[in-house]
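Each remark here refers to the structure printed beneath this line.
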Amino acid sequence: MQKKEAIATDDYIPDESKQGEVLTAETQIPADAKQFYVESYGCAMNFSDTEVVASILREENYFPTKEMASADLILINTCSIREKAEQNVRQRLTVFNQVKKNKPATLVGVLGCMAERLKSKFLDEEKLVDIVVGPDAYRDLPKLIDTAKGGERTINVLLSREETYADISPVRLDSNGVTSFISIMRGCDNMCSFCVVPFTRGRERSRDVFSILAEAEDLFKRGYKEVTLLGQNVDSYKWENPETKEVVNFAQLLVLVSKIHPDLRIRFSTSHPKDITDEVMYAIRDHENICNYIHLPVQSGSSRILKLMNRTYDRPWYKQKIDRIREIIPDCSISSDVIAGFCTETEEDHQETLSMMEYANYCLSYMFYYSERPGTLAERKYEDDVPLEVKKRRLKEIVQKQKEISHANNLSTIGKTYRVLIEGDSKKSDKDFKGRNSGFLLIVFPKKGDYKVGDYVNVEITSATSNTMLGKIV
Ligand code: SAH
Ligand code: SF4
Ligand code: F3S
């Protein structure tokens with residue numbers, strides 16, 4: 001789920017709660033407004049956080065710009081998940097530093113997981129960075145900006161047990177106006193031995209159910225047709241109403257969101273195999289608008305490696321989960337994350353990962369080779385002993401395996417008709433639309449009649465290339 005994007009001013013979507021301040025592409029930005037430029041890296045949660053930051057900055061009269069050189073404030077929302085992610089950030093900082101050299105008044109701020117991981121070390125290592133802010137400290141940004149304007153480099157990386165930014169209405173950036181993320185929880189209480197997230201995001205906490213419903217309703221009113229509920233481990237969502245003491249779990253939350261409108265689709269990510277319940281599967285089965293798609297990262301197919309990874313399930317247990325999903329929701333698409341070359345991984349372990357991918361018949365996988373992260377359990381306890389070339393070769397085999405599975409799955413859809421939500425023009429041609437079915441399959445099809453972005457259409461699959469499904473509106 002690694003992606004990189006810069007935001008666009010003309011995609012600024014208004015926050016209706018700020019009555020009388022509806023902004024569109026045509027809106028003149030006030031002459032006294034300040035401009036910020038932001039790039040986000042890492043997972044969807046980070047992209048979602050950037051929208052919270054944009055909202056906080058909006059209160060300070062900062063508007064987003066695409067032009068780095070003209071910005072008063074340059075921000076980068078960072079990821080620490082693998083070493084490569086951090087190297088990317090360092091490279092981007094050299095570019096920002098160049099801008100700052102030409103225009104010293106520009107402030108450069110580092111947000112997110114790498115800020116949290118490195119804390120004040122960041123200020124020591126990157127002399128041109130003015131502000132360092134961790135994921136739970138964004139409310140402090142206006143103060144930090146003021147301090148930095150006064151010439152003092154500044155930092156807040158305090159983690160919180162409560163912060164969920166529940167009351168902040170995110171400013172949608174780079175939006176297609178149809179699909180959106182909604183953050184439902186923060187942090188992670190699992191301790192997967194390879195993973196840096198518990199250190200960068202802190203303890204798990206769930207967001208107020210009413211604020212989630214209000215955000216989803218608001219999006220639907222503005223024309224959005226799909227929301228993805230986000231958390232590192234959504235199945236452990238649990239919110240207690242402080243007044244009634246009533247507890248809402250994830251399955252109940254899904255059903256509540258699904259009741260907003262039959263035309264509002266719901267997706268969610270990520271499910272941890274140990275926590276997904278039958279109740280969640282029944283919610284998917286029984287509600288047409290809860291999508292038939294579960295992202296259920298396996299990480300490895302070997303029980304021995306899973307134990308070292310501290311995933312708390314083993315191979316037979318994971319297979320049973322897959323069986324259970326197929327039993328309750330026969331046409332459910334399942335996707336995964338896979339790590340190649342974790343500490344002590346043998347060829348046999350690797351083969352077990354490949355055979356697990358076949359067993360689960362993943363529609364897609366996010367695939368990585370293991371990257372040791374400072375401070376994690378694996379870094380402290382195990383030797384990163386699989387040579388890089390072996391990791392890379394195994395990853396290549398995993399990628400190849402997924403290609404084969406996807407290709408076979410894609411071919412099997414030819415002739416079938418799916419309900420597809422139109423998300424926008426296809427990448428290649430403005431004569432074609434792209435959209436997804438409930439199972440997250442991306443389909444490209446020629447425009448027809450008055451259908452427009454945000455409409456649902458029935459699309460029959462006519463052919464499949466290795467990555468794209470082609471179809472026609474029927
Ligand atoms: N909360 C999610 C995962 C978040 S991180 C879950 O539990 O599934 C996204 C993915 O990055 C992980 O699923 C894992 O496959 C990968 N990842 C995490 N740490 C990694 C590391 N040190 N090296 C390589 N891949 C890693
Ligand atoms: Fe990391 Fe595991 Fe938490 Fe996912 S569940 S964020 S992999 S510690
Ligand atoms: Fe990266 Fe932080 Fe997400 S480490 S994957 S941005 S939670």
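Counting begins at 1 with the first residue of the sequence. Just so you know, these numbers use all the heavy atoms, side chains as well, and skip hydrogens, waters and symmetry mates. Whatever order the structure lists them in is the order used to number ligands and atoms, beginning at 1.
- Checked by distance only, ligand 1 and Ile339 stay at 3.5 Å or farther apart across all their nitrogen or oxygen atoms.
- Residue Arg311 touches ligand 2 through its side chain alone, judged by heavy-atom distances below 4.0 Å.
- A salt bridge between Lys391 and Asp384 is present, with a side-chain N of the basic residue lying under 4.0 Å from a carboxylate O of the acidic one.
- Of the heavy atoms in Phe368, only side-chain atoms (C-beta onward) come closer than 4.0 Å to ligand 1.
- Backbone and side-chain nitrogen or oxygen atoms of Gln232 are examined, and one is located within less than 3.5 angstrom of a nitrogen or oxygen of ligand 1.
- For the ligand labelled ligand 3, residue Gln232 lies inside the 4.0 Å heavy-atom shell.
- Between Lys392 and Glu389 there is no salt bridge, since none of the side-chain N atoms of the basic residue sits less than 4.0 Å from a carboxylate O of the acidic one.
- Contact between Tyr369 and ligand 1 is present, with at least one heavy atom of the residue lying under 4.0 Å from the ligand.
- Of the polar atoms of Ser371, at least one N or O is found under 3.5 Å from an N or O of ligand 1, judged by distance alone.
- One finds no salt bridge joining Glu163 and Arg205 here, because no Lys/Arg side-chain nitrogen approaches an Asp/Glu carboxylate oxygen to under 4.0 Å.
- A salt bridge links Glu39 with Arg92: at least one charged nitrogen is closer than 4.0 Å to a carboxylate oxygen.
- For ligand 1, the atoms lying closer than 4.0 Å to a non-hydrogen atom of Arg373 are 22 (N).
- Which of Ala85, Ser40, Cys43 comes nearest to atom 5 (S) of ligand 3 through a heavy atom is settled by distance: it is Cys43.
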Candidate pair Glu86 and Ser80, rule side chain to side chain donor-acceptor pair (under 3.5 Å), full reasoning: CA-CA 6 Å; Glu86 294 202 351; Ser80 282; 2.7 Å; yes
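- Near Cys79, meaning under 4.0 Å from any of its heavy atoms, are these atoms of ligand 3: 1 (Fe), 4 (S), 5 (S), 6 (S).
- In summary, Lys121 and Glu116 do not engage in a salt bridge, as defined by a charged side-chain N under 4.0 Å from a carboxylate O.
- Inspection of the environment of atom 3 (Fe) of ligand 2 yields the following protein N, O or S atoms under 2.8 Å: Cys188 SG.
- Here Cys113 reaches atom 2 (Fe) of ligand 3: one of its N/O/S atoms is less than 2.8 Å from the metal.
- Arg315 pairs in a side chain to side chain donor-acceptor pair (under 3.5 Å) with only one of the listed residues (Ser355, Ser303, Ser300), which is Ser355.
- A ring pair (Phe, Tyr, Trp, His ring centres under 6.0 Å) check over residues 322-365, counting only residues at least two apart or in different chains, returns the pairs Phe342-Tyr370.
- At least one heavy atom of Arg201 sits closer than 4.0 Å to an atom of ligand 3.
- Ligand 1 has Ile81 within reach: a non-hydrogen atom of the residue lies less than 4.0 Å from it.
- Annotation for Glu125: atom CD counts as buried by contact number, over 12 foreign heavy atoms lying within 6.0 Å.
- Asn409 and Ser412 share no donor-acceptor pair across their side chains, judged by distance under 3.5 Å alone.
- Judged by the shortest distance from any of its heavy atoms, Ser80 lies inside the 4.0 Å radius around the atoms of ligand 3.
- Partners of Glu423 under the side-chain hydrogen bond (donor to acceptor under 3.5 Å, both in side chains) rule, at least two apart in sequence or in another chain, do not exist in this structure.
- A salt bridge does not link Lys274 with Asp235: every distance from a Lys NZ or Arg NE/NH1/NH2 to an Asp or Glu carboxylate oxygen is 4.0 Å or more.
- Between Asp130 and Lys100, at least one side-chain N (NZ, or NE/NH1/NH2) sits under 4.0 Å from a carboxylate O, which counts as a salt bridge.
- Residue contacts with ligand 1: Thr270 is placed with no nitrogen or oxygen under 3.5 Å of a nitrogen or oxygen of the ligand (distance criterion only).
- Taking only nitrogen or oxygen atoms, main chain and side chain alike, Gln299 reaches within less than 3.5 Å of ligand 1.
- Under a 4.0 Å N-O distance rule, the pair Arg222/Glu217 does not qualify as a salt bridge.
- Here salt bridge (charged side-chain N to carboxylate O under 4.0 Å, His left out) pairs that include residues 336-348, with residues two or more places apart or in two chains, are Glu345-Arg394, Glu347-Arg393, Glu347-Arg394.
- Nearest to atom 26 (C) of ligand 1 by heavy-atom distance, out of Met367, Lys84, Arg82, is Arg82.
- Using 4.0 Å as the threshold, Arg311 has a heavy atom nearer than that to some atom of ligand 1.
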